[in-house]
*Asks:* 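One structure is given below, represented as structure tokens, and several questions about it will come after.
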Number of protein chains: 2
Amino acid sequence: MSQRDIGYHRHMARWQPDARGRLEAAAFELFRERGFEQTTVADIAARAGLDKRTFYRLFGDKREALFSGSERVEEALVKVVAETDAAPFEAVVAAFRQMAAEIFADRRELVRMRQSIIESSPELQERELRKTGALLAAVTAALRAKGFDETTAILATESGGTVFRVAYARWVSPDSDASLADLIAEVATELSAITSSSPGRR
Amino acid sequence: MSQRDIGYHRHMARWQPDARGRLEAAAFELFRERGFEQTTVADIAARAGLDKRTFYRLFGDKREALFSGSERVEEALVKVVAETDAAPFEAVVAAFRQMAAEIFADRRELVRMRQSIIESSPELQERELRKTGALLAAVTAALRAKGFDETTAILATESGGTVFRVAYARWVSPDSDASLADLIAEVATELSAITSSSPGRR
DNA sequence: CCGAGCGATGTCACGTGGCGACATCACGAG
DNA sequence: CTCGTGATGTCGCCACGTGACATCGCTCGG
């Protein structure tokens with residue numbers, strides 16, 4: 001048939017290439033069409049020409065099909081933090097700006113669709129929190145590896161994460177056209193202003 | 001019989017009082033004995049002398065049995081934020097300190113047990129993240145109601161939340177005996193130091 | 001004193017998530 | 001050609017979570 005130089009399939013579709021990618025794509029489509037909860041794992045597998053069981057061999061979870069980019073994000077973040085020799089908070093902010101430019105910048109519309117899926121399901125929101133938590137833990141570890149003490153590393157990481165989340169929310173919102181990196185820089189200075197006031201107890 | 005002025009039960013146990021509390025207690029015990037995933041909802045209900053279906057009428061979820069205190073925490077937090085007239089970040093920190101004194105102070109051992117359960121299960125960790133997220137959203141709303149703009153409210157809230165999480169982690173750790181309120185104050189000043197540095201780009 | 005109404009519970013059945021065990025297929029090496 | 005290997009399909013299972021319906025025991029009006 002008109003199959004390229006890729007896998008083989010006779011009766012149905014056995015050993016087509018990139019099963020993972022096809023499942024991710026199928027999941028993404030179905031989540032948008034019917035919503036996350038209305039989509040069955042069997043549905044996803046069927047659209048990808050595979051079986052439910054195969055899905056679970058490639059993803060730990062139904063939710064995981066939506067969160068496959070996180071390894072790359074983590075790598076990018078850790079790389080910058082490890083290579084930058086600035087104060088911890090500044091290093092984390094720089095890492096987020098760099099990562100935003102590398103990975104998010106030219107996928108704005110895709111990211112918006114993905115985010116709208118996530119916001120439609122509490123289960124997916126939970127999973128996103130867990131994923132970003134893991135990301136931040138990796139950043140904290142990278143900071144610790146540079147000699148900073150635990151508390152400093154955590155506080156810098158969490159603050160940087162807060163900055164990113166706020167900037168990201170703005171960037172994703174439909175009425176924004178600034179670049180994510182710029183938004184991050186803006187929010188970072190706003191944060192500094194807020195947390196550095198005098199002991200103003202009345 | 002020797003039943004007090006409380007409910008009735010004939011064949012088994014129909015209409016005993018405080019079904020919710022009994023289910024929470026049963027869940028807590030079983031999670032400690034067998035672990036969260038090894039415990040079945042039917043097990044919990046059985047230990048409480050109830051049926052699986054009743055559990056689901058009182059809790060949305062198997063996980064929810066562990067997270068029932070959050071309404072009280074939210075109330076306490078919002079109350080202080082609404083009544084305090086300090087800068088936003090300081091107000092949030094004050095709210096956490098007050099809440100810690102009111103609710104956590106005299107339950108340290110209980111909190112430690114609960115936390116060890118949560119840390120043993122990714123599912124429970126996800127749920128905890130979601131719960132604290134909801135808490136923080138309420139605090140943000142309270143700040144907004146006082147006239148602060150959205151970004152300021154979010155940044156102050158998230159920063160306060162970060163401070164609390166770090167202080168809480170220290171307080172729960174077995175080798176600490178300082179009060180939670182004091183730890184929060186300490187961490188808050190550490191955070192101010194970290195996020196307020198000069199634009200130190202090399 | 002009794003029957004109607006009611007609220008909390010139990011019972012049953014079902015779809016789905018997720019997983020272990022085993023069968024099956026296509027390939028590549030010998 | 002045969003055999004092994006890795007990716008897949010098939011089957012069966014248990015637990016989660018929910019809708020529909022039955023039941024219990026109280027409370028209140030008659």
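Quick note on labels: first sequence line is chain A, next is B, and so on, each numbered from 1.
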*Asks:* Hey, does the side chain of B:Tyr56 come within less than 4.0 Å of D:dT18's phosphate (OP1/OP2), counting only N and O?
*Replies:*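 For D:dT18, OP1/OP2 do not have a side-chain N/O of B:Tyr56 under 4.0 Å.
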
*Asks:* Can you tell me how far C1' of C:dG10 sits from CG of B:Leu58, to the nearest Å?
*Replies:*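 So the two atoms are 13 Å apart, to the nearest Å.
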
*Asks:* Rounding to a whole Å, what distance do you find between A:Arg53:CZ and C:dA23:P?
*Replies:*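 Rounded to the whole Å, the gap is 16 Å.
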
*Asks:* What is the distance, rounded to the nearest whole Å, between atom CG of A:Leu50 and atom P of C:dC25?
*Replies:*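 After rounding, the reported distance stands at 17 Å.
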
*Asks:* Between B:Thr54 and C:dA8, does any side-chain N or O lie under 4.0 Å from OP1 or OP2?
*Replies:*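 No, B:Thr54 has no side-chain N/O under 4.0 Å of OP1/OP2 on C:dA8.
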
*Asks:* Backbone N or O of A:Val172 within a donor-acceptor pair of the A:Arg112 side chain at under 3.5 Å?
*Replies:*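 Such a contact is found between A:Arg112 side chain and A:Val172 backbone.
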
*Asks:* Within this structure, what is the CG-to-P distance between A:Asp43 and C:dT16, rounded to whole angstrom?
*Replies:*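 That distance rounds to 8 Å.
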
*Asks:* Can you check the A:Glu37 CD to D:dT18 P distance for me, whole Å?
*Replies:*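 Result: 10 Å.
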
*Asks:* Taking the inter-plane angle between the rings of B:Phe104 and B:Phe164 on a 0 to 90° scale, is it parallel (under 30°), tilted (30 to 60°) or perpendicular (over 60°)?
*Replies:*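 Perpendicular.
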
*Asks:* Is the phosphate of D:dC14 approached by B:Thr40 (side-chain N or O, under 4.0 Å from OP1 or OP2)?
*Replies:*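 No, no such contact exists.
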
*Asks:* Check whether any side-chain N or O of B:Arg22 sits under 3.5 Å from a backbone N or O of B:Pro17 as a donor-acceptor pair, and report yes or no.
*Replies:*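 Side chain of B:Arg22 to backbone of B:Pro17, a donor-acceptor pair under 3.5 Å: yes, one is there.
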
*Asks:* Between B:Lys79 (side chain only) and B:Ala95 (backbone N and O only), is there a donor and an acceptor less than 3.5 Å apart?
*Replies:*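 No, B:Lys79 side chain to B:Ala95 backbone: no donor-acceptor pair under 3.5 Å.
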
*Asks:* Rounded off to whole Å, could you give me the NZ-to-P distance for the A:Lys52 and C:dG15 pair?
*Replies:*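 Between P of C:dG15 and NZ of A:Lys52: 13 Å.
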
*Asks:* B:Leu124 CG to D:dC16 P: how many Å, rounded?
*Replies:*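 So the CG-P distance, B:Leu124 to D:dC16, works out to 13 Å.
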
*Asks:* Which residue lies toward the 5' end of DNA chain D, B:Arg57 or B:Asp61, if each is placed at its nearest nucleotide?
*Replies:*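 Per heavy-atom nearest nucleotide, the more 5' residue is B:Asp61.
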
*Asks:* Using whole Å, report how far CD of B:Glu123 lies from C1' of D:dA15.
*Replies:*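 For the pair B:Glu123 CD and D:dA15 C1', the rounded distance is 11 Å.
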
